[in-house]
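Within every chain, numbering begins at 1; the chains are lettered A, B, ... in the order of the sequence lines, protein sequences first and strands thereafter.
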There are 2 protein chains.
Amino acid sequence: MFGSVEEIAVRRLLSDSGWARLPQACLEDLLSIGSVVQLAQDAPLQGHVAIVLQGVMGAFRGRDLSDAAVTALYFPFDLIDLEELPNDGEDLLAALRPAQVLQFPASGFHAAVRKHPALAHEVTTRLKRQCHDLREHVAELTGKTPEHRLAAFLVWVAEMSVTDGDRMSFELPMRRYDMARYLGMQPETLSRKIKGLVDTGAISLRSPSRLVIEDRTALLTVAGTARRAA
Amino acid sequence: MFGSVEEIAVRRLLSDSGWARLPQACLEDLLSIGSVVQLAQDAPLQGHVAIVLQGVMGAFRGRDLSDAAVTALYFPFDLIDLEELPNDGEDLLAALRPAQVLQFPASGFHAAVRKHPALAHEVTTRLKRQCHDLREHVAELTGKTPEHRLAAFLVWVAEMSVTDGDRMSFELPMRRYDMARYLGMQPETLSRKIKGLVDTGAISLRSPSRLVIEDRTALLTVAGTARRAA
DNA sequence: CGCCGTGTTGAGTAGACTCAACCCCAGTGG
DNA sequence: CCACTGGGGTTGAGTCTACTCAACACGGCG
């Protein structure tokens, strides 16, 4: 069912991630109803059940993508399930960079959940984890200064990213604008805070979107407490 | 298994709330392992699986209750399940006012979930709803001014409260200090914002904790968009 | 080359924070 | 009966910082 390009990401999904723990029959059911979807930057995800394969998806809250808040981030292997919620048309999902997801029809996915207890357990666990992450994000938004939030965010993203050997260098998975809205500040403020961290030597920028953590300890000190790991 | 006082809340749980949809056998399983716990204000909940019966519980993030952020609120009939999460000792649950919960041993509850598909579905639905609510809260924290957040919060709490016929009068389910930390502002700022709403005539205070919504439309205008209902 | 999307820099303002004092009320004990 | 106490809440003055708005820098692309 998959072309060769997509196969790589799906194969990783089935071997490296928590999903691999599921029984074989369950995985086959999932793969038989799922379809790999390529999403360009800013492309919305139609339908609301999917697993991220590559890239980062953002949950938006608001009428337009242009003025909506970024409320949550979904990294590879994260489950996206926004089905069966009060829908006032203000919940949107979009790719923050070009991304790839394994999408499911809601009915089929939920049928699989009913059929396979192990899948139900996996979904529950992931949802609890998402609640936990969101509460942590709330704690950062209510209790920390922009510097704190930025530092914690950078450490977190670095952990989620494949550092491909190159020390702590990684690609920021979204634009400044989206980062700012996720972190609850203005793009200008974000730019200044990043500059501040560069000036202190904690990080450095190879390009606007490629970042190197020069001094992780210093960054963690700024962040206060580290955020959850992958 | 219940004394007469507790029976009232449990009976409402089994008739009025979404939990009543569960099959009889499942309810009996739940009741057989659950125990009603009375919590004084600020009393922490030991163990992390419960259903709120009365009052409001708060999820805290931080070392102490005194300086922790209030990240989420649990109203009657909400499910609390913080089990099986990365536990760094900074997640706490406490009653914001005297409260009553139906508490479960984690193992027993999860056994019941495995046994009853309907319960698994109910739990999943509630967790998704909690994620949704948390995302909405994040959107408010990142995108709205303190006035907006306060107005939206008051409308929301009013909907969650039993208005006992008395127009839109209701009891605030927590102290100013906790409210402020949930809404991401300082107690002083909160006090001033409340005063501001009183001055415009949108609300009035009968006592520090008893509030009347005089002009719901005006309040909604300030809030921008209404928050999710009960 | 000019345009557009993206990111940065600068100056001024507005609004939340900090810290301190004060008010109010319920308990408590003389 | 009244003074004392402590928790909860409000008010005031001053500071600081994030926001606003505007201009500018940079790179890719038609």
Side-chain angles (χ1 to χ4, degrees), chain A residues 40-43 58 64-67 69-70 94-98 140-151 153-154 171-199 203-211 222, chain B residues 40-43 56 58 64-67 69-70 94-98 140-151 153-154 171-200 203-211 222:
Chain A
Q41 180 163 322
D42 291 327
D64 281 314
L65 273 192
S66 53
D67 73 335
V70 180
L96 298 173
R97 293 284 194 210
E140 290 175 349
L141 288 170
T142 57
K144 292 188 174 183
T145 67
E147 280 94 342
H148 292 165
R149 301 202 292 266
L150 172 59
F153 177 76
L154 292 179
E171 201 75 19
L172 288 172
M174 62 192 85
R175 286 174 297 214
R176 290 283 187 284
Y177 188 63
D178 294 319
M179 252 178 84
R181 287 188 298 176
Y182 178 69
L183 293 172
M185 62 185 90
Q186 304 302 313
E188 297 94 329
T189 304
L190 175 60
S191 179
R192 286 181 245 267
K193 297 305 174 192
I194 291 178
K195 189 173 189 298
L197 288 179
V198 170
D199 289 347
I203 62 172
S204 62
L205 286 172
R206 300 208 175 156
S207 79
S209 72
R210 186 144 203 102
L211 195 139
V222 176
Chain B
Q41 181 164 321
D42 291 327
V56 175
D64 281 316
L65 273 191
S66 53
D67 73 334
V70 179
L96 298 174
R97 293 286 194 209
E140 289 175 350
L141 288 170
T142 58
K144 291 187 174 185
T145 67
E147 281 94 340
H148 293 165
R149 301 203 290 266
L150 172 60
F153 177 76
L154 292 180
E171 201 74 19
L172 288 172
M174 62 191 85
R175 285 175 297 217
R176 291 282 186 283
Y177 189 62
D178 294 319
M179 250 178 88
R181 286 188 297 176
Y182 178 69
L183 293 173
M185 61 185 91
Q186 303 302 314
E188 296 95 327
T189 304
L190 174 61
S191 180
R192 286 182 246 266
K193 297 305 174 191
I194 291 178
K195 188 174 190 297
L197 288 178
V198 170
D199 289 347
T200 65
I203 63 172
S204 63
L205 288 171
R206 299 203 176 160
S207 80
S209 70
R210 186 143 203 104
L211 195 139
V222 175

side-chain contact (heavy atoms from CB on, under 4.5 Å) between A:Thr145 and A:Lys193, intermediate numbers included:
CA-CA 11 Å; A:Thr145 67; A:Lys193 297 305 174 192; over 6 Å; no

May I have the distance from [X] (atom [atom1]) to [N] (atom [atom2]), rounded to whole angstrom?
X        : N      : atom1 : atom2 : value
B:Glu188 : C:dA21 : CD    : P     : 14 Å
B:Ile194 : C:dA16 : CD1   : P     : 14 Å
B:Arg206 : C:dC24 : CZ    : C1'   : 20 Å
A:Arg175 : C:dT8  : CZ    : P     : 14 Å
B:Lys195 : C:dA16 : NZ    : P     : 15 Å
A:Gln41  : C:dC4  : CD    : C1'   : 14 Å
B:Lys144 : C:dA16 : NZ    : P     : 15 Å
A:Arg210 : C:dG7  : CZ    : C1'   : 18 Å

Out of C:dA11, C:dC17, C:dA16, which nucleotide sits closest to the side chain of A:Arg192?
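Selected nucleotide: C:dA11.
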
Nucleotide of C:dT6, C:dT8, C:dA16 approaching B:Lys193 most closely (side-chain heavy atoms)
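Selected nucleotide: C:dA16.
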
With a 4.0 Å cut-off, would you call B:Arg149 and B:Glu140 a salt bridge?
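No salt bridge links B:Arg149 with B:Glu140.
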
Got a salt bridge between A:Asp178 and A:Arg97, using NZ or NE/NH1/NH2 to carboxylate O under 4.0 Å?
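No, A:Asp178 and A:Arg97 are not salt-bridged.
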
Does the side chain of B:Arg176 reach to within under 4.5 Å of the side chain of B:Pro208, using non-hydrogen atoms?
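Yes, close enough: below the 4.5 Å cut-off.
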
Is there a side-chain contact between B:Ile194 and B:Ile203, using heavy atoms and a 4.5 Å cut-off?
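The answer is yes, as the side chains (C-beta and beyond) meet within the 4.5 Å cut-off.
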
How is B:Pro187 classified with respect to the nucleic acid when contacts are heavy atoms under 4.0 Å: base, sugar-phosphate, or nothing?
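It contacts nothing in the nucleic acid.
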
Taking all atoms of both residues into account, what is the closest heavy-atom pair of A:His148 and A:Val222, and its distance?
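Looking at all heavy atoms of both residues, the shortest contact is CD2-O, 2.8 Å.
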
Outermost DNA chain D nucleotides near chain B [under 4.0 Å, heavy atoms]
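Going 5' to 3' along DNA chain D, contacts run D:dG8 to D:dA13.
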
In Å, rounded to the nearest 0.5 Å, how long is the span from CG of B:Leu197 to CZ of B:Arg192?
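With rounding to 0.5 Å, CG (B:Leu197) is 14.5 Å from CZ (B:Arg192).
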
